[in-house]
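Presented below is the structure to which this report refers.
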Amino acid sequence: MVRLIVVSILLASLLPLRGEAREAAGWISNAAIFLLFFLNGLRLSRTDVMRGMRHMRFLLPLALWCFGAMALAGLGIVAVGAGYLPPLIALGFVFLGTLPSTVQSATAYTSMANGNVANSVVAAATLNITGIFLTAPLFSLLAGVDDVALGGDGLTRIGLVLLLPFLIGQLSQGKLGNAIKGHPVIIRWADRGAIAIAVYVAFSGAVSEGLWSRIDGSAWGWLMIGIIALLVFGYVGAWVLSGALGLAQSDRVAFLFSGAQKSVAMGAPIAAVLFPPAVAGVVLVPLLVYHLAQLIVATPLAKRLAIPD
């Protein structure tokens, strides 16, 4: 996934789509995202969804942390960096804070750290479903609809391209769902392909609008300071909160990785649907940097937590 994202950014920088080609690619990206969320609806058992929603002592604080505390932290970084961060990069931090957790990597690192993998899988999946409904309106509330092309049309696109295919997939479970689950490679490549296309189309629009000239060295420095601050807040805060809740060690590990990580698999498609490519490419920059940084931090942290006291 990391390699695909890097390749998409490099390709968009060297060969950005323009004019009618970019418009056509946008339709292809939306179609790929529609297929991705249809497959996600097929593969995620309704039983797992309901079981996750019943585990409220774990899930409710996690959701409040993921969508509440992290969103406010992103807004706080924008306030501190006012005047130093370009406006769309600042919006990117707000967007980053409102996104749900990862599924695959949160589960993998929870397993590596001897955490509660079942809780991690169900929680991350439930947060992603919640994100389909919550991320767009929450971002709109925090960012202000006057700052970006967001509102009724944007929420309608979210419903048609993300929510509708997911619901169709949930309703189509049965033989078709079992067939898809038996071929995980299809879902894996649909997942990666849709994200790569969304990133390429978004960055093509941003590059065409002068992305690299609009973010100077000072802005990159403030961007990295903001990313580090959000990482520290996310990981330390999630660990402290899980301890305050009295969770067992294995549940604290699941809470940590599900609460501190942010999903590019959700972020790239949502940004591609909400914003025109020229805006989406810039708004995605903090998310892509955070995604790479969280992978760097999570591996040694998971190994350290796996060491018995």
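Along the sequence shown, residues are numbered consecutively beginning with 1.
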- Message: Main chain of T98, side chain of T135: is a donor-acceptor contact present, judged purely on distance under 3.5 Å?
- Response: yes
- Query: Are any of the side-chain heavy atoms of F255 and P61 separated by less than 4.5 Å?
  - Reply: yes
- Note on the structure: One should read off an interatomic distance between L284 CG and L88 CG, to the nearest 0.5 angstrom, of 11.0 Å
- Note on the structure: side-chain contact (heavy atoms from CB on, under 4.5 Å) filter on P16, not counting sequence neighbours, yields R18, S204, V207, S208
- Partners passing side-chain contact (heavy atoms from CB on, under 4.5 Å) against V240 (at least two apart in sequence or in another chain): V236
- Euclidean distance, I168 CD1 relative to L171 CG, rounded to 0.5 Å: 8.0 Å
- Task: Would you check, one step at a time, whether the test side chain to side chain donor-acceptor pair (under 3.5 Å) holds for T102 with Q261?
- Result: CA-CA 6 Å; T102 60; Q261 297 202 3; 3.0 Å; yes
- Message: Suppose we call two aromatic rings close when their centres sit under 6.0 Å apart. Are F257 and W239 close by that rule?
- Response: no
- Message: Applying a strict under-4.5 Å side-chain criterion to I, L, V, M, F, W and Y, I'd like to know whether Y235 and I228 cluster together.
- Response: no
- Note on the structure: When rounded to the nearest 0.5 Å, the distance separating CZ of F93 from CG of L85 is 6.0 Å
- If you look at every heavy atom in L127 and S101, which pair is closest and at what distance? CD1-CB, 4.0 Å
- Message: Any side-chain to backbone donor/acceptor pair from T110 onto A106? Under 3.5 Å, distance only.
- Response: yes
- Message: Could you check whether any side-chain N or O of T299 sits under 3.5 Å from a backbone N or O of I296, counting only pairs where one atom can act as donor and the other as acceptor?
- Response: no
- What class does the angle between the rings of Y84 and W222 fall in, given that below 30° is parallel, 30 to 60° is tilted and above 60° is perpendicular? parallel
- Item | Side chains of N116 and V253 in contact at under 4.5 Å (non-hydrogen atoms) | no
- Task: Identify the two heavy atoms, one from A302 and one from M112, that lie closest to each other, and give their separation to 0.1 Å.
- Result: CB-SD, 3.7 Å
- Message: Using 0.5 Å steps for rounding, measure from the CG atom of L223 to the OG atom of S218.
- Response: 11.0 Å
- Say you draw a straight line from CG of L96 to CD1 of I89; how long is it, rounded to the nearest 0.5 Å? 11.0 Å
- Message: For the aromatic rings, using the six-membered ring if either is Trp, is the centroid distance between F139 and F275 under 6.0 Å?
- Response: yes
- Here the pair of heavy atoms bringing W65 nearest to A238 is CZ2-N, 3.4 Å
- Item | Separation of L230 CG from I225 CD1 (nearest 0.5 Å) | 13.5 Å
- Might you point out which heavy atoms bring D216 and A219 nearest each other, and give the distance in Å? OD1-N, 2.8 Å
- Side chains of V285 and W220: does their closest heavy-atom pair fall under 4.5 Å? yes
- With the side chain counted from C-beta on, respond yes when L99 and S263 share a heavy-atom pair under 4.5 Å apart, and no when they do not. no
- Grab the two heavy atoms, one from G131 and one from I270, that are nearest each other, plus how far apart they are. O-CD1, 4.4 Å
Indicate every side-chain donor-acceptor pair of residues 69-83 with a distance under 3.5 Å to a residue at least two apart or in another chain.
none

- Query: Can you check whether C66's main-chain N or O pairs, donor with acceptor, with K262's side chain at less than 3.5 Å?
  - Reply: yes
- Considering all heavy atoms, the nearest L287-G267 contact: CD2-CA, 3.7 Å
